**Q** 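A single structure is presented below for examination.
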Amino acid sequence: MEFSFGGFGDPVFSAALQQLMDLPDELDRQLNAPTRAYVRDRRAMANTPMDVKELPSGAIVLAVDMPGVNPSDVKVQVEEGNVLTISGERKRPAEDGQQQQQKEADGEKQGVKYLRMERRMGKFMRRFPLPESADLDSIRAEYKDGVLTVTVDKKPPPEPKKPRVVQVTVGDQQGK
């Protein structure tokens with residue numbers, strides 16, 4: 001967008017004015033820049049594939065691929081606002097570290113040399129908002145063949161309220 005002020009058609013002046021007008025937006029971007037932790041968490045969430053399906057019973061089933069992840073390194077929890085969080089960490093195989101420590105003890109400083117590493121190591125996380133009808137007390141998680149399956153059952157529908165019968169009593173007769 002170019003501006004022209006009554007005879008000031010100078011392109012340098014217009015460019016300087018445009019930069020001054022863009023200054024608040026640039027300051028806002030700089031002051032509200034995402035933190036490293038935010039960027040790391042966003043990557044962790046984007047790189048963890050998950051399938052979500054609803055069974056005819058109304059239960060929600062989440063399947064998360066986690067090949068090579070130790071089940072003890074996985075955490076499934078429900079946070080405020082009915083948000084199911086699945087997080088954990090994929091670590092390097094233990095034999096890589098053992099070989100590295102043994103070679104260092106023998107005086108060598110070389111360990112396992114990867115020629116290609118396409119499987120992502122490190123922390124992962126996925127968040128999934130649960131519906132109000134989710135039964136948070138019956139959440140189950142099962143880890144089998146590198147796949148974590150989390151099942152969230154649906155609360156049974158509330159029973160319709162029966163009309164309450166109120167006993168009618170006869171009061172004292174006044175004015176006798």
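Because the structure is predicted, anything quoted here is derived from the model rather than measured. Side chains included, hydrogens not; waters and symmetry mates left out as well; all remaining heavy atoms used.
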**Q** Could you tell me which residues satisfy side-chain hydrogen bond (donor to acceptor under 3.5 Å, both in side chains) with Arg116, sequence neighbours excluded, listed by chain and number?
**A** Glu118

**Q** With side chain to side chain donor-acceptor pair (under 3.5 Å) as the rule and sequence neighbours excluded, what pairs involving residues 59-73 come up?
**A** Asn70-Ser72

**Q** Compare all side-chain heavy atoms of Leu84 with those of Leu62 and state whether any distance is below 4.5 angstrom.
**A** yes

**Q** May I ask you to decide if Val64's main-chain N or O and Arg126's side chain share a donor-acceptor pair within less than 3.5 Å?
**A** no

**Q** Which heavy atom of Met66 sits nearest to which heavy atom of Ile86, and what is that distance?
**A** CE-CG2, 3.6 Å

**Q** Begin with the C-alpha distance, continue with both residues' side-chain angles, and end with the deciding distance and a verdict on side-chain contact (heavy atoms from CB on, under 4.5 Å) for Val83 and Phe128.
**A** CA-CA 6 Å; Val83 177; Phe128 182 77; over 6 Å; no

**Q** Is the shortest heavy-atom distance from the side chain of Leu130 to the side chain of Val152 under 4.5 Å?
**A** yes

**Q** Tell me, please, which residues at least two apart from Glu89 pass side-chain contact (heavy atoms from CB on, under 4.5 Å).
**A** Lys91, Lys123

**Q** So do Lys144 and Thr149 actually touch side chain to side chain, heavy atoms under 4.5 Å?
**A** no

**Q** List in chain and number order the residues that pass side-chain contact (heavy atoms from CB on, under 4.5 Å) with Pro131, two or more places apart in sequence or in another chain; answer none if no residue qualifies.
**A** Ile60, Ser133, Ala134

**Q** What's the shortest heavy-atom distance between Tyr143 and Pro71, and which atoms?
**A** CD2-CG, 3.4 Å

**Q** Taking atom NZ of Lys154 and atom CG of Leu55, what is their separation to the nearest 0.5 Å?
**A** 11.5 Å

**Q** When rounded to the nearest 0.5 angstrom, what is the spacing between OG1 in Thr151 and CZ in Arg140?
**A** 5.0 Å

**Q** Could you give me the CA-CA distance, side-chain angles and deciding distance for Glu79 and Arg127, then say whether salt bridge (charged side-chain N to carboxylate O under 4.0 Å, His left out) is met?
**A** CA-CA 9 Å; Glu79 298 175 349; Arg127 288 190 171 136; 3.6 Å; yes

**Q** Lys75: which residues meet the side-chain contact (heavy atoms from CB on, under 4.5 Å) condition with it, sequence neighbours left out?
**A** Gln77, Ser87

**Q** Honestly curious: do Leu148 and Met50 fall in one hydrophobic cluster under the side-chain, below-4.5 Å linking rule?
**A** yes

**Q** Do Val147 and Phe124 share a hydrophobic cluster, counting only Ile, Leu, Val, Met, Phe, Trp and Tyr and linking them when any side-chain heavy atoms are less than 4.5 Å apart?
**A** no

**Q** side-chain contact (heavy atoms from CB on, under 4.5 Å), that's the test. Do Val150 and Val61 meet it? Break it down for me.
**A** CA-CA 6 Å; Val150 179; Val61 178; over 6 Å; no

**Q** Looking at residues at least two apart in the chain, or sitting in another chain, which of them share a side-chain contact (heavy atoms from CB on, under 4.5 Å) with Asp51?
**A** Ala63

